[in-house]
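As the structure lists them, so they are numbered: ligands from 1, and atoms in each ligand from 1. Values below: every heavy atom of this structure, side chains too, minus hydrogens, waters and symmetry copies. Quick caveat: nothing in here was measured; it's all calculated off a predicted structure. Residue indices begin at 1 and follow the sequence shown.
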Amino acid sequence: MSRAIAYWELTKPRVVALIVFTAVIGMFLAIEPGRPWPWPRILLGALGIWLAAASAAAINHLLDQRIDAVMARTRHRPLATGSLRSGQVLAFALALGTASMALLWAGVNGFTALLTFASLIGYAVVYTGWLKRATPQNIVIGGLAGAAPPLLGWAAVRGFPAEGTLAALWEPAFQYHHALLLVLIIYVWTPPHFWALAIFRREDYAKALVPMLPVVYGVGYTRWQILFYTVLLLVVSLLPFVAGMSGVFYLGGALVLGGVFLYYAIRLLDPPSEFYAMQVFNYSVVYLMALFAFLLADHWLLPGMAPAPALELVPGE
Ligand code: HEM
Ligand SMILES: CC(C)=CCC/C(C)=C/CC/C(C)=C/COP(=O)(O)OP(=O)(O)O
């Protein structure tokens with residue numbers, strides 16, 4: 001493996017791509033109709049969030065090298081194969097993390113930098129270093145860090161109220177409750193996303209002594225938990241419409257996508273083979289990508305359908 005490819009792999013490029021995608025959609029949803037797009041903050045924000053998530057992913061490789069070397073799915077990773085050394089990975093993660101914080105702080109705003117740093121620590125240290133090894137609820141609690149990106153994107157565009165009170169975040173100029181609905185969607189999506197894969201890979205996790213749900217409570221119980229969170233996901237995916245943030249185009253998309261997810265989760269209860277769990281996992285990725293694409297399409301491409309309040313343009317603004 002060439003050195004450059006090894007470093008690139010450390011960043012978990014495909015996972016981080018979807019993370020940045022949800023952050024960028026958070027940004028676009030935060031731009032009020034009729035306002036100019038704040039391009040510098042969008043570009044620097046996306047780059048800063050990408051760098052932070054990539055840094056967190058590299059730290060995950062560093063802390064998990066013993067586990068990764070044991071599991072079939074991960075034993076080809078750069079630290080497990082010896083193509084990179086711990087010191088190199090640490091330096092790489094620190095460089096990316098520092099660049100991210102500098103960009104976000106100087107080019108976007110301090111609030112976004114702070115929230116992004118908290119997500120980085122949440123995934124790289126709290127989830128990877130502690131929860132993952134400690135409890136089968138690891139991904140339910142740790143999922144908050146992976147769910148944060150739409151909020152980070154929102155913060156990049158809307159910023160923090162000048163008067164600095166937390167209550168002001170809920171006022172019409174900031175509307176952080178809208179961003180939190182997007183976070184909630186990814187948060188509830190994470191258990192079906194991950195546990196489907198964990199069912200398929202449970203022997204790997206058992207061998208590495210990682211207490212994932214199917215290892216500790218069995219496959220049957222995990223399947224029911226996936227169904228529970230899938231029903232919950234269908235419900236919370238409707239909240240952007242209920243809150244008046246998205247229109248009927250999004251509602252239709254969310255119902256169809258959620259209906260298919262539910263079908264998968266029900267079929268998983270009595271699967272023809274364990275390979276079926278991987279189909280659920282693959283669909284979970286398509287689902288999240290498509291759901292966020294629907295949010296964006298509803299907001300920007302079909303503005304007449306979104307019940308967004310008309311903008312009062314101040315003359316001369
Ligand atoms: C605690 C939260 C999460 C856990 C434990 C988790 C776990 C995993 C695992 C184990 C894989 C397989 C990776 C591989 O084999 O390379 C995976 C793949 C993936 N995850 Fe997650 N994930 C989480 C959150 C997220 C989030 C928040 C996103 C994006 C918004 C995401 C997007 C993806 C994507 C796109 C893939 C497919 C990567 C590929 O095609 O190789 N995941 N996830
Ligand atoms: C700053 C910011 C937005 C941070 C985002 C953090 C981030 C990269 C989340 C991704 C979640 C993920 C891939 C978890 C899998 O870890 P795992 O260790 O369970 O999976 P593995 O066995 O494949 O390494």
Side-chain angles (χ1 to χ4, degrees), residues 9-26 45-46 48-80 93 96-97 100-101 104 112-133 136-153 155-156 182-183 185-202 204-205 208 210-213 278 281-289 291-292:
E9 261 200 32
L10 287 181
T11 67
K12 300 198 176 182
R14 286 179 301 272
V15 180
V16 169
L18 187 55
I19 282 179
V20 174
F21 180 69
T22 64
V24 169
I25 289 186
I49 294 165
W50 182 82
L51 286 166
S55 166
I59 298 172
N60 173 273
H61 278 81
L62 183 66
L63 299 183
D64 271 358
Q65 49 185 301
R66 179 198 65 80
I67 294 173
D68 286 349
V70 175
M71 304 206 305
R73 180 176 61 83
T74 52
R75 64 169 171 241
H76 62 275
R77 288 185 172 174
L79 277 168
L96 295 187
S100 160
M101 287 304 116
L104 292 176
T112 308
L114 217 65
L115 290 173
T116 306
F117 185 68
S119 310
L120 191 162
I121 297 295
Y123 174 63
V125 179
V126 181
Y127 167 74
T128 304
W130 175 42
L131 292 168
K132 184 171 172 178
R133 294 148 170 80
Q137 291 300 317
N138 45 18
I139 59 117
V140 177
I141 312 167
L144 202 53
L151 171 67
L152 309 180
L182 305 181
V183 172
I185 289 173
I186 304 181
Y187 181 70
V188 174
W189 164 88
T190 300
H193 163 70
F194 175 68
W195 284 335
L197 177 115
I199 285 179
F200 187 71
R201 294 286 183 184
R202 66 187 182 285
D204 250 3
Y205 283 115
V210 181
M212 292 301 183
L213 198 69
M278 278 314 277
F281 168 76
N282 290 330
Y283 177 72
S284 75
V285 173
V286 174
Y287 169 90
L288 196 69
M289 226 182 314
L291 191 79
F292 272 72

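Within the 4.0 Å heavy-atom cutoff, Y123 does not count among the residues contacting ligand 1.
Of the protein's non-hydrogen atoms, L288 CD2, 3.6 Å is the one closest to atom 30 (C) of ligand 1. Closest to atom 15 (O) of ligand 1, if we only count protein heavy atoms, is R73 NH1, 3.0 Å. Here the protein heavy atom with the shortest distance to atom 25 (C) of ligand 1 is W189 CZ3, 3.7 Å. When only non-hydrogen protein atoms are considered, atom 17 (C) of ligand 1 lies nearest to F281 CZ, 3.7 Å. Looking at atom 41 (O) of ligand 1, its nearest protein heavy atom turns out to be R14 NE, 2.7 Å.
A donor-acceptor pair is defined here as one N or O able to donate and one able to accept, closer than 3.5 Å; such a pair exists between the side chain of S100 and the backbone of G48. Side-chain atoms of R202 come within 3.5 Å of backbone atoms of I199 as a donor-acceptor pair (strictly under, hydrogens ignored). Between the D204 side chain and the M71 main chain, no donor and acceptor come within less than 3.5 Å of each other.
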Apply side-chain hydrogen bond (donor to acceptor under 3.5 Å, both in side chains) to the pair N60 and Y123, showing each step before the final yes or no. CA-CA 8 Å; N60 173 273; Y123 174 63; 3.1 Å; yes
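Looking at I139 and P191, their side chains come closer than 4.5 Å, going by heavy atoms from C-beta outward. In this structure the side chain of T128 never reaches within 4.5 angstrom of the side chain of I59, judged on heavy atoms. For the pair V24 and V20, the minimum side-chain heavy-atom distance is below 4.5 Å. Within the 4.5 Å cutoff, the side chain of M212 has no heavy atoms near those of the R201 side chain.
The existence of a salt bridge linking R77 and D68 is confirmed by a sub-4.0 Å separation between a basic side-chain nitrogen and an acidic carboxylate oxygen. Salt-bridge annotation for D64 and R133: present, with a side-chain N of the basic residue lying under 4.0 Å from a carboxylate O of the acidic one.
Each of the atoms 5 (C) of ligand 1 lies under 4.0 Å from some heavy atom of Y127. Every atom of ligand 1 with a heavy atom of I139 under 4.0 Å away is listed here by number and element: 5 (C).
Within 6.0 Å of CZ in R73 there are more than 12 heavy atoms belonging to other residues, nucleotides or ligands.
Closest heavy-atom contact between G143 and T190: CA-CG2, 4.3 Å.
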For ligand 2, find each of its N or O atoms that sits under 3.5 Å from a protein N or O atom, and tabulate the pairs with distances to one decimal place.
unit_1, atom_1, unit_2, atom_2, d
ligand 2, 16 (O), Y123, OH, 2.9
ligand 2, 18 (O), N60, ND2, 2.9
ligand 2, 18 (O), D64, OD2, 3.3
ligand 2, 18 (O), K132, NZ, 2.7
ligand 2, 19 (O), Y127, OH, 2.6
ligand 2, 22 (O), R73, NH2, 2.8
ligand 2, 23 (O), R73, NH1, 2.9
ligand 2, 23 (O), R77, NH2, 2.8
ligand 2, 24 (O), K12, NZ, 2.7
ligand 2, 24 (O), N60, OD1, 3.1
ligand 2, 24 (O), R77, NH1, 2.8

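Sorted by chain and number, the protein atoms of type N, O or S within less than 2.8 Å of atom 21 (Fe) of ligand 1 are H193 NE2.
Considering R77, R201, M212 only, the shortest heavy-atom separation from atom 16 (O) of ligand 1 involves R77.
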